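Please read the structure below before turning to the comments.
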Amino acid sequence: EQVVRMQPTTPCLMAAVLPLLVAIRRLQGSSSQVGEARDLGNRLSAFFKNKLCKCTVKLTTPEQVAEVNEATVALLSELRRRTAFTANNRKEHSDLTAAALGFCTRVLATADANLLAAAGTTAMEAEAEEEEEEESVPNTSEAVEAAFREAVVEYHTERSKCLLSGKVFDDLLTRNVDLGIKALVPELPRLTTEAATPFLKCEAFRLLAAAYKRGSASPHAAEACDALARAAPSVLAKVCVALEAGLTGSKGETAPGGEEAEDKESAKGTIVRAKRLRPVLECAVQVLELCDVKTATSTEASSPHALAKQVNAILAASASGAVLSLCKKILTKLGMHEADSNASADGVKKTKSSKKSKKREREEATRARAIAHVAKIKALGGPEALAAQEQSKGEESEKETAKRRKTEAT
């Protein structure tokens with residue numbers, strides 16, 4: 001705790017990550033967690049997550065970078081372990097391991113810049129050693145990229161009891177976007193169709209959207225954007241496949257807003273709901289915003305006509321405001337307009353929400369009553385005449401009521 005407080009940038013802190021994680025796991029896995037053991041485990045867990053993993057460590061030597069690479073691979077292996085945990089211990093250990101992994105990837109993201117600023121290195125020595133350091137100490141090693149690549153494939157295709165979650169890959173794209181693009185983008189397009197469940201297919205689209213959204217903010221933006229542009233045609237082709245599957249379903253389910261599917265269980269296995277369509281459409285929007293439209297739609301499967309055909313059908317059938325907004329953005333990027341989409345959807349009009357229709361009817365009825373009331377006032381000669389008329393009606397009503405009661409009494 002004193003080292004973290006006084007020297008939060010020292011590289012020696014990285015050597016404490018794995019031993020502390022092992023110690024916390026043993027304390028949490030103990031069947032007799034009482035007294036001092038429990039208090040020590042809670043204290044170590046709080047220190048690890050809230051203090052150690054928030055330090056801004058600066059690596060200064062190639063050996064330190066290699067150690068962090070090894071720790072990153074070890075942490076990924078820990079998340080991929082199929083170990084039996086209790087509900088509380090599983091969540092706690094998963095959160096701590098994911099925090100440590102995010103800490104290591106964040107430190108690696110700044111490794112190259114810090115290596116040139118090592119203590120005691122002169123400007124001439126740095127210039128002479130620059131090429132050697134770049135070759136011997138890359139920002140991310142091939143072993144780290146391979147480990148993340150295997151992890152993302154396992155997460156999407158194997159429904160195992162490991163500790164991997166989508167948050168691990170979100171943190172990677174947030175803290176070290178260069179590593180995320182290199183490791184995840186080559187695998188994610190095929191996982192959009194090969195994932196084990198519709199949810200995991202949408203997760204693959206969501207991660208692709210995050211990669212394209214953050215690609216321009218990369219420290220090496222030119223290289224990142226080139227890699228993303230090369231993958232853009234295959235990504236848009238997968239978007240078309242997913243949208244078509246979402247509209248027709250695997251057993252004939254209809255588009256959102258259409259007739260109900262005969263087999264409700266089979267409908268759950270396809271991307272037909274708005275919350276499933278949003279990640280797919282958002283991915284297409286981010287691809288078209290980052291890349292040139294001609295480049296992204298250069299293949300037949302990802303052509304503007306193929307994409308617009310699916311988007312037009314969704315625009316004509318969906319009642320979700322978020323889905324409609326994303327559809328309009330895609331058509332705008334493709335150089336089309338809403339009128340074109342309505343014309344190309346075989347004359348099918350967009351279904352309206354019943355709540356909006358009822359609200360509109362109530363508003364029209366209120367407006368009609370107000371107009372009639374104003375017209376009545378004008379016909380009688382003003383508000384005073386209307387008040388006198390209402391008063392006379394009230395008096396006549398009271399007389400009739402009194403007369404009826406008298407008749408009933410007799």
Side-chain angles (χ1 to χ4, degrees), residues 11-22 48 52-53 55-81 94-116 132-158 162-191 204 207-208 210-211 214-215 217-221 223-224 226-228 231:
C12 68
L13 292 175
M14 303 305 299
V17 172
L18 292 177
L20 276 176
L21 192 62
V22 171
F48 187 87
L52 178 62
C53 290
C55 290
T56 55
V57 174
K58 297 180 180 179
L59 305 179
T60 57
T61 65
E63 291 76 14
Q64 293 168 359
V65 176
E67 290 175 1
V68 177
N69 283 334
E70 294 175 1
T72 303
V73 175
L75 290 168
L76 274 174
S77 300
E78 181 70 16
L79 287 173
R80 295 172 62 187
R81 285 199 318 139
S94 174
D95 291 344
L96 290 174
T97 309
L101 184 62
F103 177 41
C104 291
T105 54
R106 175 167 56 84
V107 171
L108 285 175
T110 58
D112 283 346
N114 292 325
L115 283 173
L116 293 179
E132 180 181 354
E133 288 182 351
E134 288 181 352
E135 293 178 359
S136 60
V137 189
N139 190 21
T140 54
S141 68
E142 293 182 0
V144 175
E145 291 180 20
F148 271 109
R149 194 174 296 115
E150 293 172 0
V152 74
V153 172
E154 179 178 350
Y155 170 66
H156 284 88
T157 57
E158 300 180 17
C162 65
L163 302 177
L164 286 171
S165 65
K167 185 179 182 299
V168 172
F169 308 108
D170 283 331
D171 288 344
L172 174 62
L173 290 169
T174 301
R175 301 172 187 274
N176 195 333
V177 65
D178 287 329
L179 174 58
I181 291 173
K182 292 178 181 178
L184 304 184
V185 172
E187 300 293 338
L188 286 174
R190 71 178 181 87
L191 294 175
L207 291 174
L208 279 170
R214 297 164 187 163
S218 167
H220 306 89
E223 298 178 4
D226 288 343
L228 293 171

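Computed from a prediction, not measured in an experiment: that's the story for all the values here. Just so you know, residue 1 is the first one in the sequence shown, and it goes up from there.
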Please lay out, stage by stage, how R80 and L164 fare under the test side-chain contact (heavy atoms from CB on, under 4.5 Å). CA-CA 6 Å; R80 295 172 62 187; L164 286 171; 3.7 Å; yes

L172/L179 under side-chain contact (heavy atoms from CB on, under 4.5 Å): CA gap, chis, key distance, verdict: CA-CA 7 Å; L172 174 62; L179 174 58; 3.6 Å; yes

Can you tell me how far the [atom1] atom of [X] sits from the [atom2] atom of [Y], to the nearest 0.5 Å?
X    : Y    : atom1 : atom2 : answer
K167 : L101 : NZ    : CG    : 9.5 Å
E223 : D178 : CD    : CG    : 7.5 Å
T72  : L108 : OG1   : CG    : 5.0 Å
S165 : D170 : OG    : CG    : 8.5 Å
L228 : I181 : CG    : CD1   : 4.5 Å
T61  : E67  : OG1   : CD    : 7.0 Å

Begin with the C-alpha distance, continue with both residues' side-chain angles, and end with the deciding distance and a verdict on side-chain contact (heavy atoms from CB on, under 4.5 Å) for R81 and T97. CA-CA 12 Å; R81 285 199 318 139; T97 309; over 6 Å; no

Is any side-chain heavy atom of L21 closer than 4.5 Å to one of L96?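 A side-chain contact under 4.5 Å exists here.
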
Report yes if some heavy atom in the side chain of L191 is under 4.5 Å from a heavy atom in the side chain of L188; otherwise report no.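 Side-chain contact under 4.5 Å: yes.
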
May I have the step-by-step check of side-chain contact (heavy atoms from CB on, under 4.5 Å) for T56 and R106, ending in yes or no? CA-CA 9 Å; T56 55; R106 175 167 56 84; 4.3 Å; yes

Which one of L76, L75, N176 satisfies the side-chain contact (heavy atoms from CB on, under 4.5 Å) criterion with C104?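 By the side-chain contact (heavy atoms from CB on, under 4.5 Å) criterion, C104 pairs with just one of L76, L75, N176: L75.
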
For F169, give me all partners under ring pair (Phe, Tyr, Trp, His ring centres under 6.0 Å), at least two apart in sequence or on another chain.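 Partners of F169 by the ring pair (Phe, Tyr, Trp, His ring centres under 6.0 Å) criterion, ordered by chain and then number, come out as Y155.
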
Check: E150 main-chain N/O paired with E154 side-chain donor or acceptor under 3.5 Å: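 No; judged by distance alone, with no hydrogens or angles, the pair does not exist.
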
